[in-house]
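Report on the following structure.
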Amino acid sequence: MNEQEKKMRLLGRAPVPHALLALGLPTMVGMMINALYNLADAYFVAGLGTSQMGAITVAYPLGQVVVGLGLLFGNGAASCLSRLLGNGEREKANQVAGTALYGSIAAGAVLILLSIVFLRPLLLRLGATQSVMPYALAYTRIYVIGSIFNVFNVTMNNIVSSEGAAKTTMCVLLTGAALNVALDPILIHAMRFGVTGAALATAISQLVSTLIYLHYIRSGKSAFAFRLRDCRPSREILSGILRIGVPTLAFQVLTSLSMAMTNTAAKTYGESALAAMGAVTKITSVGSLMVFGFLKGLQPIAGYSYGAGQYGRLRETIRVSSLWSTAFCAVFGLTAAAFSPSIISQFTKTDLEMIRIGQTALRLNGLSFVVFGIYTVYSSLFLAMGKAKEGLLLGVCRQGICFIPMILLLPRLWGLRGILWAQPAADVLSAVITVCMALRLAGKLKAEQAQP
């Protein structure tokens, strides 16, 4: 049995718990390390001062929008690819993979160019203050330009996961993360590049990850060829990618928007509040990225099972994923809430106001993180099954429909406390909506299975 046949067997016939662990655990570990090196950036930069910490806080949402293009093409293609492989349509799958990869690079280059041209006004909109701006400009120029490699990497992460090669994704993420963590203290402190060094460390590590993926493509290990002639931006292929990718992009853009709105609201209360919210975002992103990583295992199994009409396997995949992700979110969230003072104090020893605000925000976000797992399971599931409308609704639910009213209303009523409560309130509301949609999906799956 060759490598590609083993991947197809894992998607369609291996026991669900085994398949989820084989596909989800490597990506989960890789995403965890990836999140930790983002946290390492914050840790080393925080040692430079509150203004420098504020700089990477306001830059982060912009980088996430650029990376959203990789998710647009990568996640959109991954959903199509899993179902095409389930149906045995290999040639069409090659065309989808090629179109997604080259399309993401082209779109990423355009967005990065526009971001650099309008960088200063963008940073102002993202919450940069006068004292933060010089550091934000120095960091963001390199950070955003280097994001072209991350667009490529994120697209490949999703495509490679869709074919069941989760270990490859893990190795790429681990290598990039380890290199970034090693370079941070050298470039930031030893070579005294400051925030510029943090941006250089990130860009270099992303470049190395890109080179590893290029080697993977050239080695012929992938189920897809990624030939330039396979790039077929036809209406059928693009609509298939965008129908699923747009909800993912909407989620990413709204996540960035929610960060920007939080930063803008927080800076009213000083740089300590801005830096505190940035630290909390970095910490909670460790947990959220680990959940997303694990559920990369759900997506190819669910898409393959749905495409092949294996409804029993699909239901078991949903049940096991929901149970495991919720258990993880409970452990992570409650741990963050319980030890919030100690965790936040790692980012500063002297700014007591930052510690005070940060520990309260982390405690609240940790408690509401318990419901994040079930939300993420179904937002991933709908997209994997090709149900774009439901996927779009959940994609814009947590950080859009639920969060935006909270961040606009609660600070007006409660001031700084309202900012701290905005995300937890949005989490609870989005979980209620998710449960309603989950019950409706269960009924639809039973009806589809009953059809002759």
Side-chain angles (χ1 to χ4, degrees), residues 23-47 53 56-57 59-61 63-64 66-68 70-71 74-75 108 139 142-161 165-191 193 195-216 252 255 278-297 328 332 336 343 346-347:
L23 295 175
L25 195 58
T27 312
M28 179 180 177
V29 171
M31 294 290 271
M32 177 188 69
I33 301 299
N34 197 43
L36 287 175
Y37 89 64
N38 283 328
L39 202 60
D41 268 356
Y43 175 79
F44 287 113
V45 170
M53 182 65 188
I56 67 169
T57 297
Y60 190 65
Q64 293 306 294
V66 177
V67 170
L71 291 171
N75 208 40
Y139 178 84
I142 298 171
Y143 177 65
V144 171
I145 291 172
S147 292
I148 190 63
F149 302 119
N150 213 17
V151 170
F152 177 92
N153 296 337
V154 170
T155 305
M156 284 297 296
N157 285 347
N158 285 273
I159 293 175
V160 170
S161 295
K167 289 182 179 179
T168 299
T169 298
M170 181 185 71
C171 290
V172 173
L173 291 171
L174 284 173
T175 302
L179 182 60
N180 190 281
V181 171
L183 288 174
D184 266 339
I186 296 172
L187 295 177
I188 294 172
H189 295 294
M191 299 186 70
F193 287 166
V195 292
T196 302
L200 285 171
T202 299
I204 292 169
S205 65
Q206 290 172 354
L207 170 60
V208 170
S209 295
T210 297
L211 294 175
I212 297 173
Y213 271 131
L214 288 173
H215 174 72
Y216 175 74
Q252 192 73 3
T255 299
V280 171
T281 297
K282 295 282 187 179
I283 294 163
T284 55
S285 71
V286 174
S288 60
L289 285 175
M290 289 177 71
V291 176
F292 285 132
F294 173 69
L295 292 178
K296 289 298 180 185
F328 169 80
F332 182 92
I343 295 171
Q346 299 305 308
F347 293 88

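Taking CZ of Phe332 as the reference point, atom CD1 of Ile283 lies at 8.0 Å (rounded to 0.5 Å). To the nearest 0.5 angstrom, Met156 atom CE is 11.5 Å from Ile212 atom CD1. Atom CG of Leu295 is separated from atom CE of Met290 by 12.0 Å, given to the nearest 0.5 angstrom. Rounding to the nearest 0.5 angstrom, the gap separating the CD atom in Gln206 from the CG atom in Leu179 is 11.0 Å. Separation of atoms CD1 (Ile204) and CG (Leu207) is listed at 8.0 Å; rounding is to 0.5 Å. One distance of note links CZ of Phe44 with CG of Leu187; it measures 11.0 Å at 0.5 Å rounding.
At distances below 3.5 Å, at least one donor-acceptor pair connects side-chain atoms of Asn158 with backbone N or O atoms of Val154. Formation of a donor-acceptor pair under 3.5 Å by the Asn180 side chain with backbone atoms of Ala201 is found in this model.
The heavy-atom pair separating Ala203 from Phe149 by the smallest distance is O-CD1, 4.2 Å. The shortest non-hydrogen separation linking Val45 to Met53 is CG1-N, 3.9 Å. When every heavy atom of Lys282 is checked against every heavy atom of Ile56, the shortest pair comes out as CE-CD1, 4.5 Å. Of all the heavy atoms in Ala59 and Tyr143, the pair that sits closest is O-CE2, 3.7 Å. Minimum heavy-atom separation, Ser209 to Gly176: OG-CA, 3.6 Å. Of all non-hydrogen atoms in Thr57 and Pro61, the two that sit nearest each other are O-CD, 3.3 Å.
Two residues are said to be in side-chain contact when any heavy atoms from C-beta on lie closer than 4.5 Å; Thr196 and Tyr139 fail this criterion. Between Val208 and Thr175 there is a side-chain heavy-atom pair separated by less than 4.5 Å.
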task: Verify side chain to side chain contact (heavy atoms under 4.5 Å, CB included) between Leu183 and Leu200, making sure each step is shown before the conclusion.
output: CA-CA 9 Å; Leu183 288 174; Leu200 285 171; over 6 Å; no
- prompt: Is there a side chain to side chain contact (heavy atoms under 4.5 Å, CB included) between Asn150 and Val66 once you walk through the steps?
  reply: CA-CA 9 Å; Asn150 213 17; Val66 177; over 6 Å; no
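Few gaps surround NE2 on His189; more than 12 heavy atoms of other groups in view lie less than 6.0 Å from it. With a 6.0 Å radius and a threshold of 12 heavy atoms from other residues, nucleotides or ligands, Tyr43 has its OH atom at or below the threshold.
Under the rule for a side-chain hydrogen bond (donor to acceptor under 3.5 Å, both in side chains), Thr255 has no partner lying at least two apart in sequence or in another chain. Considering only residues two or more places apart in sequence or on other chains, Tyr213 meets the side-chain hydrogen bond (donor to acceptor under 3.5 Å, both in side chains) condition with Asn157.
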